[in-house]
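Quick notes on the structure that follows.
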Amino acid sequence: MDAGKKKKKEKKELPPLEEAEGGVVMRFAPNPSGPLHLGHARAAFLNDAYVKRYGGRYVLRIEDTDPRRVDPEAYEMVQEDIKWMELGVTDIVYQSDRMDIYYDLCRKLIELGGAYVCTCDAERFRELKMAKKACPCRSHTIEENLELWEQMLTGGFAEGQVTVRVKTDLEHPDPAIRDFSIFRIVDAPAHPRIEAKVYPLMNFSVVVDDHLLGITHVIRGKDHIANTRRQRYIFDYFGWKPPVYRHYGRMSIEGVVLSTSSMHRGIDEGTYTGWDDVHLGTLRAIGRRGIQPKAVRQAMVDLGTGDTDISFSWENLYAANKAVIDETSDRFFFVPHPVRYEVEGAPEQTAEVPRYPGDEKRGMRALDFTGAVVLPAAEVEGATVVRLKDLFNIEVKGERQAAYAGDDLTAAREAKAPIIQWLPAGYGIPCTLHTPEGDLEGVCEPEVAEYVDRMVQFERVGFARIDRVEDGRVVAFFAHR
RNA sequence: GCUGCCAUAGUGUAGUGGCCAAUCAUGUCGGCCUUUCACGCCGACGACUGGGGUUCAAAUCCCCAUGGCAGCACCA
């Protein structure tokens, strides 16, 4: 077999990770509030790339410690999306399974004098914090804190009445660091997986889990820089060694909806057809359009881990995707807005067209010409001579009439006649091509119906994923040109 | 307001004092190939935010300005 020419688009390497030579343990830690989107994919692929590079374990940690932000259906969706991305996940952990661990270690932190139970009003505390002043609760004795903590756990407080704070440095120049919260009470809604009222905040559960799971390196967005500083206090109190962190800059993504709440709302209101609506930036939405996980991975690795804020480039993603799918996508004719033309004077014949130019082994398509064809309206408008690809030249006489104008390809080229796709009249099956700009109605070759869930290239139109066949109509999603 | 981070072509990226009249990818344009406006090949276009300073030498170091971003939640 011909090995085929490997296009040597040398792939870019991520910068090396410090202290990683002996292997790493990294994690991807989504909140199960909805399906994963492009923003998640960056973190997921970046961490995955380093685990693959240095070897080690990759922990999927479901951070479901806020009942308000847990969508029961998201657990399943997240798993599906992880599978789609083909991540090398080795361990799965649900934080909601680890509540007792967090409770125990909170008690320990209190005993170490590293945390106190605060019953101040949130607003009041904020004022004190901004003024670098201690709140009254800060001077509780360890015994008093322990007792208050016990009361928290046994239902002695209602939501909003109490929180546990880490003792940091009230003089810290960054107000974001001063005595942050690590536990709170949530009375409602109920958590879908467990019964609990007292929940750790991420800065606590993350530290505990990163340590207990042996996480060595963390690649996350720069919105966590302040959290990293806060978490350092907890690591220090326990005498634990923090992982190595890297924070990448903000990534803006144009043209799609990413906010879970607006996606939810849009779906409820019928604005979007579902989580895979093409207007959304979810992985399932771009997957439905035929973007391959490998292309997303490549695009994310290309973006790197820089501190600079960047804008996500669909062009670059499409280019990466094209590189992945071009060789495996068979070519077909799709005629948008088909108009029937009678062609006078042309001999009946059969056009043999390769499914993939350059590789005859993939077979030919046979298109029988018997006198009438359908052509894309936009292409014949105003044209005088056009070349029907793989067939012959015609002269457009207007009003659905055309005349045979010879077989000579060279003549067509010299006349600068466009070479267009066509189908025998009555041969094609209906096809709807969904594009971001709207739907394109037309007809395509019947064989396309056998390509459900695969990619094809509609010649001169672009790559598309065949989504399904409904009542004899092919439904396809446009990926890119 | 306070704290911190960042600043290279349309987009992304390489570059940690001389080899940078700045890399690669993508994009756009042109050409070749081709019965696709695809793939492949060739070429062109296109950037160090501004101003000071240090130095024999700065995209690289320092300062200021400007711009962008993040955090200051009992979210993650």
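Within every chain, numbering begins at 1; the chains are lettered A, B, ... in the order of the sequence lines, protein sequences first and strands thereafter.
Applying the 4.0 Å criterion to OP1 and OP2 of A76(B), one finds that Thr65(A) has a side-chain N or O inside that range. Contact check, Ser311(A) against G12(B): a side-chain N or O comes under 4.0 Å of OP1 or OP2. Put simply, Lys129(A) has a side-chain N or O that comes within less than 4.0 Å of OP1 or OP2 on A73(B). The phosphate of C72(B) has neither OP1 nor OP2 within less than 4.0 Å of any side-chain N or O from Arg178(A).
Here, C62(B) and G27(B) have their C1' atoms 37 Å apart, quoted to the whole Å. Using C1' as the reference atom, C42(B) and U34(B) are 16 Å apart when rounded to the nearest Å. Look at the P atom in both A9(B) and U60(B): the space between them is 14 Å, to the nearest Å.
By the 4.5 Å heavy-atom criterion applied to side chains, Thr65(A) and Leu201(A) are not counted as neighbours.
The listed nucleotides are A38(B), C75(B), C74(B); the one nearest the side chain of Ser181(A) is C74(B). Distance from the side chain of Asp174(A) is smallest to G71(B) among A76(B), G27(B), G71(B).
Each of Gln421(A) and Ile225(A) has a nearest nucleotide on RNA chain B; the 5'-most of these lies closest to Ile225(A).
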For RNA chain B, what dot-bracket results from Watson-Crick or G-U pairs at under 3.5 Å, with [ ] for crossers and | for inter-strand partners?
-> (((((((..(((.....[.....)))((((((.......))))))...(((((..]....))))))))))))....

